[in-house]
Amino acid sequence: MTDTLDPKITAAPANAGSDQNVAQQPRTAVVQKSGGQPPALKRRIPKVSDLAPLMQFKKPEFSKSARLKRASTIWELREIAKRRTPQAPFDYTDGAAEEEITLRRARQAFQDIEFRPGILRDVSRIDLRTEILGKESRLPFGIAPTGFTRMMQSEGEYAGSQAAEAAGIPYTLSTMGTASIEDVAAAAPNGRNWFQLYLWTDRDRSLELIERAAKAGNDTLMVTVDTAVAGARLRDVRNGMTIPPALTLKTVLDASYRPAWWFNFLTHEPLTFASLSRYTGTVADLINSMFDPTLTYEDLDWLRETWKGKLVVKGIQTVEDARRVVDHGADGIILSNHGGRQLDRAPIPFHLLPEVTSALKADNSKAEVILDTGIMSGADIVAALALGADFALIGRAYLYGLMAGGREGVDRTIQILEKDMTRTMALLGVSKVSDLNPDHVRLLQR
């Protein structure tokens with residue numbers, strides 16, 4: 001019968017006292033006594049050589065580039081923007097109408113989804129290119145029209161259009177922009193520039209803008225139809241927001257710890273609406289006095305006849321209106337509630353998206369569906385594309401980057417969104433935008 005060795009006892013090799021014999025013996029794992037501690041867990045005094053790799057103190061960096069690089073999300077850019085921008089301009093961007101219910105719901109809509117990933121797909125290369133309104137875009141989103149952009153940061157529309165040009169995506173200039181159609185075209189001559197139009201009571205002025213946009217090379221006209229009257233933007237009312245911003249005691253105190261913004265504001269060309277006559281007062285007063293509350297589908301017919309490029313209608317909030325504007329010649333629609341800045345408790349574009357795309361598909365329509373409002377990450381854009389959107393527009397997300405760091409901040413916004421989308425699609429098992437479909441997203445019930 002073979003002797004068995006007690007596992008609690010380590011056998012010593014023969015001739016243990018001989019160095020030569022020990023060297024020749026195969027190394028045997030030491031069996032710990034019951035309840036013993038592995039050697040790796042025994043306390044010891046650390047060696048300098050062990051500590052050296054851990055002692056990596058970096059010199060603090062306070063540059064704009066370093067500050068922006070530390071931002072990994074749009075929300076973090078928003079925090080930087082809030083610290084660097086006076087309250088009135090920041091709230092003009094950040095706020096919405098009345099109780100801001102619409103804006104909160106729009107953002108919540110993107111959170112109330114569940115992604116459904118596929119596995120064992122080749123996602124070594126992610127292609128984010130897509131085609132929108134007849135031309136390719138390197139990314140499936142563009143920059144939405146925003147009014148009075150140089151109020152947020154002095155580079156304004158110039159930073160936005162140049163960042164879009166560099167990224168290979170469309171940029172939309174607003175009628176209420178603070179750079180002219182011609183100046184934006186000159187600043188980004190190789191960019192894809194679109195022009196957003198508010199129809200005025202003075203049709204001759206509207207026609208002049210349309211002709212200027214065409215002459216400057218804009219290939220798409222985006223007409224906004226949800227501003228019959230101004231929404232009640234209460235943050236602006238409480239801040240005493242005027243155009244241009246007024247130097248009151250409150251604003252001077254606010255400027256005391258945001259000197260860079262005021263230095264830029266006071267040392268650049270005075271802010272005006274580049275497409276309008278010089279105006280002083282509130283944005284609401286301007287909208288109520290100049291924009292036409294009598295618009296009908298006949299006006300859309302006039303625009304379709306007048307404008308020879310692509311025509312999209314922004315501010316669609318029902319299936320019926322989506323169908324009607326397409327019937328009247330729109331090449332595309334933008335599901336949007338104006339970022340929650342007009343009618344509070346308005347329909348949420350992301351919720352409306354499946355119904356609209358299904359209805360247009362049933363009509364055999366070739367009109368393209370673009371979505372905005374509430375987008376704060378690349379995952380939000382991926383979700384919208386999966387549910388049927390052809391493209392997305394970012395407004396606040398781009399302005400947070402602008403306020404955080406001018407042109408570099410806008411570049412950082414685009415980089416963050418692109419990285420988000422690339423990672424999300426890879427984890428979904430999708431390598432190109434055209435492969436996204438409703439099976440990749442499930443809407444959760446609250």
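What you see is a predicted model; the values in this text were computed from it and never measured.
With ring centers used as reference points, F110 lies under 6.0 Å from F350.
With no hydrogens or angles considered, a side-chain donor-acceptor pair links S65 and E408 at under 3.5 Å. A donor-acceptor contact closer than 3.5 angstrom is absent between the side chains of T172 and Q196. A donor-acceptor contact under 3.5 angstrom links the side chains of D321 and Y297, judged on distance only.
Heavy-atom neighbours of L444 CG from other residues, nucleotides or ligands within 6.0 Å: above the threshold of 12. Atom CD of E136 has more than 12 heavy atoms from other residues, nucleotides or ligands within 6.0 Å. Taking a 6.0 Å sphere around CZ of R203, one finds it holds more than 12 heavy atoms contributed by other residues, nucleotides or ligands. Residue E114 qualifies as enclosed at atom CD: its count of foreign heavy atoms under 6.0 Å is above 12. No more than 12 heavy atoms of other residues, nucleotides or ligands lie within 6.0 Å of NZ in K82, so this atom counts as exposed by the packing criterion.
Inter-residue side-chain proximity for L209 and T175 is flagged as met; some heavy-atom pair is nearer than 4.5 Å. Side-chain contact between D127 and V433: absent, with no pair of heavy atoms (C-beta onward) separated by less than 4.5 Å. Annotation: side chain of V430 is in contact with side chain of H440 (closest heavy-atom distance under 4.5 Å). Put simply, the side chain of F195 does not reach to within 4.5 Å of the side chain of N193, judged on heavy atoms. In this structure, Q317 and S336 have side chains that are not in contact, with every pair of non-hydrogen atoms separated by 4.5 Å or more.
Between D112 and R105 there is no salt bridge, since no side-chain nitrogen of the basic residue lies less than 4.0 Å from a carboxylate oxygen of the acidic one. Taking a cutoff of 4.0 Å between a charged side-chain nitrogen and a carboxylate oxygen, E99 and R104 do not qualify as a salt bridge. With respect to R323 and D327, no salt bridge is recorded, no charged nitrogen being found less than 4.0 Å from a carboxylate O. Ion pair R150/E157 not flagged as a salt bridge, since none of the NZ, NE, NH1 or NH2 atoms sits closer than 4.0 Å to an Asp/Glu carboxylate oxygen. With salt bridges taken as basic N to acidic carboxylate O contacts below 4.0 Å, one links D91 and R235. For D219 and K310, the salt-bridge test fails: no basic side-chain N is under 4.0 Å from an acidic carboxylate O.
Taking each heavy atom of A164 and I414 in turn, the nearest pair found is N-CD1, 4.5 Å. W261 approaches M152 most closely through the heavy-atom pair NE1-O, 3.1 Å. In terms of heavy atoms, R258 sits closest to P86 at CD-N, 3.3 Å. Closest non-hydrogen pair, N337 versus G340, comes out as OD1-N, 2.9 Å. V319 approaches A359 most closely through the heavy-atom pair CG1-CB, 3.6 Å. Annotation for L139 and T130: closest pair O-CG2, 4.2 Å, computed over non-hydrogen atoms.
Between atom CD1 of residue I126 and atom NZ of residue K419 there is a gap of 14.5 Å, rounded to the nearest 0.5 Å. One finds the CG atom of L197 at 11.0 Å from the CG atom of L173 (value rounded to the nearest 0.5 Å). For the atom pair CZ (F141) and OH (Y398), the distance works out to 13.0 Å, reported to the nearest 0.5 Å.
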* Would S377 and D420 satisfy side chain to side chain donor-acceptor pair (under 3.5 Å), going step by step from the backbone distance to the final call? -> CA-CA 7 Å; S377 73; D420 285 351; 4.8 Å; no
* Residues R233, Q342; criterion side chain to side chain donor-acceptor pair (under 3.5 Å); working and verdict -> CA-CA 8 Å; R233 302 169 192 178; Q342 284 296 101; 2.9 Å; yes
* For S124 and D122, run side chain to side chain donor-acceptor pair (under 3.5 Å): C-alpha distance rounded to whole Å, both residues' side-chain angles, the deciding distance at 0.1 Å, then the answer. => CA-CA 6 Å; S124 56; D122 181 359; 2.8 Å; yes
* Does the side chain to side chain contact (heavy atoms under 4.5 Å, CB included) test come out yes or no for V369 and I316, once each step is laid out? -> CA-CA 10 Å; V369 179; I316 300 301; over 6 Å; no
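None of Q87, R396, R78 except one satisfies the side chain to side chain donor-acceptor pair (under 3.5 Å) rule with D94; the exception is R78.
Because its NZ or CZ atom is both nearer than 6.0 Å to the ring centre of Y92 and within 45° of the ring axis, R341 counts as a cation-pi partner of that residue.
Under the 3.5 Å distance criterion, the side-chain polar atoms of D331 are matched with a main-chain donor or acceptor of L311.
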